[in-house]
Amino acid sequence: MKVLGIESSCDETGIAIYDSDQGLLAEALYSQVEIHQQYGGVVPELASRDHIRKTLPLIQEVMSKAECTKSDIDGLAYTAGPGLSGALLVGASIGRALGMTWDIPTIGVHHMEGHLLAPLLEEKGPTFPFVALLVSGGHTQLVEVERIGAYRLLGESLDDAAGEAFDKVAKMLGLPYPGGPHISTLAESGEAGRFTFPRPMTNRPGLDFSFSGLKTFTLNTILSLLDGDTDTTKIDQQSKADIAHAFQEAVADTMRIKCQRAIQQTGMRTLVIAGGVSANKRLREVLTVMVEKEGGEIYYPSLQYCTDNGAMIAYAGCQRLLAGQHDDLTILAKPRWPLDQLAAL
Ligand code: KG4
Ligand code: ZN
């Protein structure tokens, strides 16, 4: 079965064709980063307007790369949520309308299920069941995954998502949006031990996260170096690197503690990490060491499938369509959509 996937939940237009027999046939990704960078974050209205411009030309490009015509496509998958409502509506309207005209089964995919299943695009992917740490710009969740669609939420962030915290700290340091990759690069030249940041919510039981206190701690640390000036971007370059280092260590170590707890609590031996922040090298290192100590295995997507992309949506949609699921003609756009409300396969 060949499925065309459309991702448009935030600031990336991602299109891909996944074939259940041959794997990924073709893909294209257009990032809106340059449009939003001057505003220091995603401007929803500009995002929708750009998805409108890019979606159909990218579909045409991917169809031609895969040497497919419309009669070769057996199913259509689009991101139905969660995400920005205007942005979602673009992919959902185009996806649902193409599904109707091409007369093929069509399904609205949960964006975080897309992330969660992305490691299965790899040649050696995880086998079910596993514990998944989903870390993106909008979500930080620990999920017990029995099989596709059977998700039990073990814990989540009570305030900022991990990616959001990376982006906000980056902004304080005067780094461009999205800040995660910039913090990661800067942290490499940071001096270990100059600053130690707290590991929030690790000294009490439970699997929830909180990053807003860590963000405030970071801000106060920066201000303490500034002698009354409130422009946080003015601290010297070495201090920026040292702060990026301390912040990244605190996030990675907090996740290590929570993931270890989740593994021990569920008795599962496999940890999957996915979502934009799973591209973070240090986080991968810290979690790999922990999982190996626990005698388990860790899986994460290759870098291009950590952040938003069309391949993960085509893949997740394909699994559901193969199981006989599909939607009616309603265009689905759900800006809020709890992951544990999905139907299990
Ligand atoms: O999954 P994603 O592409 O979009 C959402 O679904 O939100 O995640 C984007 C987030 C951004 O906050 C970005 O700063 C973060 O992932 N990110 C990283 C890295 N690469 C992307 N955070 C830390 N280290 C990275 N290397
Ligand atoms: Zn995402």
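Along the sequence shown, residues are numbered consecutively beginning with 1. None of the values given here were measured: they were computed from a predicted structure. Remember, it's 1-based here, ligands and their atoms both numbered in the order they're listed.
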F247 and F197 aromatic centres sub-6.0 Å
no

When you measure from atom 15 (C) of ligand 1 to each heavy atom in L175, V277, V169, which option holds the nearest one?
V277

Return yes when at least one N/O/S atom of H115 is nearer than 2.8 Å to the Zn ion (ligand 2), and no when none is.
yes

Checking only N/O/S atoms, does H111 have one that is under 2.8 Å from the Zn ion (ligand 2)?
yes

Do the charged groups of K215 and D160 touch, with an N to O distance under 4.0 Å?
yes

Heavy-atom nearest neighbour in the protein, as seen from [atom], with distance rounded to 0.1 Å:
{"atom": "atom 17 (N) of ligand 1", "result": "G276 O, 3.5 Å"}
{"atom": "atom 24 (N) of ligand 1", "result": "N280 ND2, 3.0 Å"}
{"atom": "atom 14 (O) of ligand 1", "result": "D167 OD1, 2.6 Å"}
{"atom": "atom 9 (C) of ligand 1", "result": "G137 N, 3.8 Å"}

Close N or O approach (G275, ligand 1; < 3.5 Å)
no

Say whether Q248 and ligand 1 are in contact under the criterion: heavy-atom distance to a ligand atom below 4.0 Å.
no

Compute the minimum heavy-atom distance from C10 to ligand 1 and say whether it is under 4.0 Å.
no

Measure H115 to ligand 1 on non-hydrogen atoms and call it side chain, backbone, both or neither using the 4.0 Å cut-off.
side chain

Logged contact type for K281 with ligand 1, heavy-atom cut-off 4.0 Å, is neither

Is it true that the NZ or CZ of R96 lies under 6.0 Å from the centre of Y78's six-membered ring and within 45 degrees of the ring axis?
no

Number the atoms of ligand 1 from 1 as they appear, then name those within less than 4.0 Å of a heavy atom of G138, with their elements.
7 (O)

Report yes or no: does R261 contribute a side-chain atom to a donor-acceptor pair with the main-chain N or O of G206 at less than 3.5 Å?
yes

